[in-house]
Every structure is written in C-alpha cells, then in structure tokens.
Amino acid sequence: MRLRDCHNFHDFRRLARHRVPGPIFDYIDGGADDEVTLRRNTASFERCDLVPNVLRGVATLDMSVTIMGQKLATPFYCSPTALQRLFHHDGERAVAAAAAKYGTMFGVSSLGTVSLEELRKAHDTPQVYQFYYHRDRNLNRAMMQRAKQAGIDVMMLTVDSITGGNRERDLRTGFSIPFKLTVAGMLEFGIKPMWGINYLTHERFRLPQLDDHVDMSGGALSIGSYFTEMLDPSMNWDDVAEMVQLWSGQFCLKGIMSVADAKRAVQIGCTGIVLSNHGGRQLDGSRAAFDQLAEIVDAVGDRIDVIMDGGIQRGTHVLKALSLGAKAVGLGRAYLYPLAAAGQAGVERALGLMKAEIERGMKLMGCTSISQLSRDNLRFR
Ligand SMILES: Cc1cc2nc3c(=O)[nH]c(=O)nc-3n(C[C@H](O)[C@H](O)[C@H](O)COP(=O)(O)O)c2cc1C
C-alpha cells in the first residue's frame, strides 16, 4: 500500500499501521478505558442527515471562516497533538507546512517536539499554542511570555486533562517517554526497522516547549510524571481568569462540554471554546462534542466562537458541525495517521482530500459559503 492508494481516513490509518511500530500506532489510535467515547465521536455524526437544496448556482464557492480573529481558508484546522516527531521524523514541521499550504491554522502542543519559535518563523499561517497549567505560577507566566514574544496568535488552554486518561493500550505496550517498553512492545519496534533507522539518524528527540523547565532526559521525568508532578490539579476558574487577563489576546479553552462552563468562559473573557473530549482519550463515557454542540451554540454562540473536535473523518462531518453552529472544527487523527504514514506529503494529501470533500459537499448541498449552512439543512433520526 502506498500514499497514492489512500483515499480516506481508513486508508491512511491502515498505511500508518504498516509503517510505525505497534506501540506508537496504539498511542495515536487508542482512547481511554473501553474506548466508548472514542467510537461514539464518529458514530454521533450518523444520527443526523443532511437535507440538500438544489439549483442554487454553485459554480464558485468560498469555504473560508474567521475564528478568534484568524482567517482560515478552510473550516478545519490541525488541532494540537503531542510528540509528533515520534510519529514521523519531520513531526510538527510537516504538519505546519501542510497547514500553511492550505491556509489554515495549526496547534503546537506543550508536549510538541519542535519549538513554537521555529514554526512561527517558518510560516505565516495562524498558530495556536496549547498550554497545560503548572503548579509553578512563575513557570506559567514565563511560558506565556515566551509564546507572546514568539508571536503566537491564539493561546489554547486544555482543561480536560486535569489528570491523565486511563489508556490501557499504552499500559500493555509500555508506551511512555522515555521509552519503557514491554518485551512485546520491543518486538514491535524490531519488526519496523525503518522507523528505528529514521529515529536514530535524525535530530535528537526533544520537547523544546519544556526543555528549559523540565528534565526529561535520562529517565528523570516521564510524561506520566510530568502530568502528576508538574501540572496543577487545583486549577480553577480564578486561575484561568488571571491567565486570560495576562495574555490579553485571543484565548481559548479546549475541552469545554457543559453549558455552565461555556458561560463561565464567556464571563472571564475567553474568545473561543473548543467542545472536545480529547479524542476519547480522557473521560470515557463523556458525551460526543457533536451531540453537545447545539446546546452550547444556543447558550453562548452569539458571544464566543464555538469550535468542536472529535471523530471527524469526512467532509460531510465538517458540514454537519458547521450547520449546527460550530464556527470551525479541529482535526486530530485525521492528520496524525497521514503524518505517521507519509510525513508532510501524507498530511498534505489528507488536508487536500478533506478540502475537496467539503467543496463537493457544499456544492451538492447548494451552498456557496459557510454562512449558508444552517440547521434547516439537518434532520436528526
Ligand atoms: C496522539 C494524540 C495526541 C494528542 N495530544 C494532545 C495534546 O498534547 N494536547 C491537547 O490539548 N490535545 C491533544 N490531543 C487531542 C487533540 O488535540 C484533539 O482534541 C483530538 O485528537 C480530536 O479527536 P480526533 O482525533 O478524533 O479528531 C491529542 C490527540 C491524539 C490522538
């Protein structure tokens, strides 16, 4: 199987599975507990049907959107994800370049493997910095200052990871940073030698957003203990309100699900919220963002940009979310499998296919701009 044989999400997933060692594939692919939320995220789009209009003159169309003051040429962006250079040696460099090619936003995780400064210098496209809140308040301030200086457009605080999700696939393979693989996990690396050769022959693996603050070398601190030892489980709304003030720019909370929380986000001055269950990787049994979307849009959609992520595999999923009132959607695995499968070429192909699907879907729906999508176009079963 080659990249040119990939025509959809499932093809990229299959190719990624062929190319990267099992523990890494499972880290991307897996969710928490029984993976109920992971499955439901995509299934939720099937509860809802599109009702097209025809004969509307759709020769030219515009799918651009503006969220949190950022103009995106497509209504989807690459959501921040950790450890991308483990999936492909180009990691964030590949994802940022592909996002820039399509004129859309990309996120850099606190657990990113390329520095936010390097990516900011390389591309003009809007850049998000995904932040975790640390016990050490000075560290939080220093990291925000660094992001400000680099010219980050949107600060995105992840609020659904106050403790790590129970990812049993990772427990079985022993996936952790630094690697502490089980024997079975090691064998998986042995049968994918190309990945190992690339890993060893490219620049050393680093976490440049944290390097100055956290010693991850020599097994001193694993990502698991980063979460338990350095992040602050007592984080509350007052702390976040202070951060919003300090940042004094576009500020977004990722992982909001309840109406009450959405209203609090508006009150403390956030300019965006991402409805998200972290791709089913945190609280299993949590509702799918798509199922919760209408409630949130009705409550706060006129005061804050409501965005969603989780389970998006198709252009029609994007159209359904936008019809319900989301301003844009985030992609996770929909660009991560392509990254793992084929680096920048893979991500570019995936984003291109997603764009083409949205364009085709809009034409078939009789829409020439995103603002023409509305709940009139949807029926729930
Ligand atoms: C491998 C992987 C790593 C992730 N790392 C982060 C992260 O560091 N910070 C974060 O806020 N979200 C992270 N996420 C969640 C994504 O940003 C996004 O919310 C989720 O993947 C959307 O669901 P989807 O994969 O079904 O599209 C990660 C997701 C995956 C699959």
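The basis for the numbers below is simple: all heavy atoms, side chains too, and nothing from hydrogens, waters or symmetry mates. Note that the numbering runs from 1 along the sequence shown for the chain. Start at 1 and go down the list; that is how both ligands and their atoms are numbered.
Counting only N and O atoms by type, the side chains of R167 and Q282 include a donor and acceptor under 3.5 Å apart. Side-chain contact annotation: S276 with D309, donor-acceptor N/O pair under 3.5 Å present. Side-chain atoms of E92 and T113 form a donor-acceptor pair, as typed in the model, at a separation below 3.5 Å.
In this pair, Y27 and F87 present their aromatic rings tilted. The plane angle is within the 30 to 60° band.
The list of side chain to side chain donor-acceptor pair (under 3.5 Å) pairs with a residue in residues 142-152, not counting sequence neighbours, reads E117-R146.
The N/O atoms of Q130, backbone and side chain alike, include one that comes under 3.5 Å of an N/O atom in ligand 1. Considering backbone and side-chain atoms alike, A334 places every N or O at 3.5 Å or more from each N or O of ligand 1. Distances between N or O atoms of G311 and those of ligand 1 include at least one value under 3.5 Å.
For atom 11 (O) of ligand 1, the closest heavy atom belonging to the protein is T158 OG1, 2.7 Å. In terms of protein heavy atoms, atom 7 (C) of ligand 1 is closest to Y132 OH, 3.5 Å. Among protein heavy atoms, atom 12 (N) of ligand 1 sits closest to K254 NZ, 2.9 Å. Among protein heavy atoms, the minimum distance from atom 1 (C) of ligand 1 is reached at R281 NH2, 3.4 Å. Looking at atom 28 (C) of ligand 1, its nearest protein heavy atom turns out to be T81 CG2, 3.6 Å. Nearest protein heavy-atom neighbour of atom 19 (O) of ligand 1: D309 OD2, 2.8 Å. Ranking the protein heavy atoms by distance from atom 27 (O) of ligand 1 puts G332 N, 3.0 Å first. If you check which protein heavy atom lies closest to atom 5 (N) of ligand 1, you get A82 N, 3.0 Å.
Every heavy atom of N41 sits 4.0 Å or more from the atoms of ligand 1. Using a 4.0 Å heavy-atom cutoff, L111 is absent from the residues neighbouring ligand 1.
Contact annotation: for S276 versus ligand 1, heavy atoms closer than 4.0 Å belong to the side chain alone. Only the side chain of L336 comes within 4.0 Å of ligand 1, counting heavy atoms alone; its backbone N, CA, C and O stay farther away.
Look at R375 and D298 and you find a salt bridge, because one of the NZ, NE, NH1 or NH2 atoms lies within 4.0 Å of a carboxylate O, short of that distance. With salt bridges taken as basic N to acidic carboxylate O contacts below 4.0 Å, none links R137 and E242.
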| field | Worked check of salt bridge (Lys or Arg N to Asp or Glu O under 4.0 Å) between D284 and R40 | value | CA-CA 10 Å; D284 198 31; R40 201 177 285 148; over 6 Å; no

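Not one N or O on the side chain of T368 forms a donor-acceptor pair closer than 3.5 Å with the backbone of V58.
Atoms of ligand 1 lying under 4.0 Å from any heavy atom of I28, numbered from 1 in the order shown and given with element: 1 (C), 31 (C).
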Please tabulate, for side-chain N and O atoms in residues 325-341, each donor-acceptor pair with protein atoms closer than 3.5 Å (sequence neighbours left out).
| unit_1 | atom_1 | unit_2 | atom_2 | d |
| --- | --- | --- | --- | --- |
| K327 | NZ | D305 | OD1 | 3.4 |
| R333 | NE | I28 | O | 2.8 |
| R333 | NH1 | G279 | O | 3.2 |
| R333 | NH2 | G30 | O | 2.9 |
| R333 | NH2 | G279 | O | 2.9 |
| Y335 | OH | S79 | O | 2.5 |
| Y335 | OH | T81 | OG1 | 2.8 |
| Y335 | OH | Q84 | NE2 | 3.3 |
| Y337 | OH | D29 | OD1 | 2.4 |

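The shortest distance between side-chain heavy atoms of L50 and T316 falls below 4.5 Å.
Counting only non-hydrogen atoms, the option in A289, P80, S79 that gets closest to atom 6 (C) of ligand 1 is P80.
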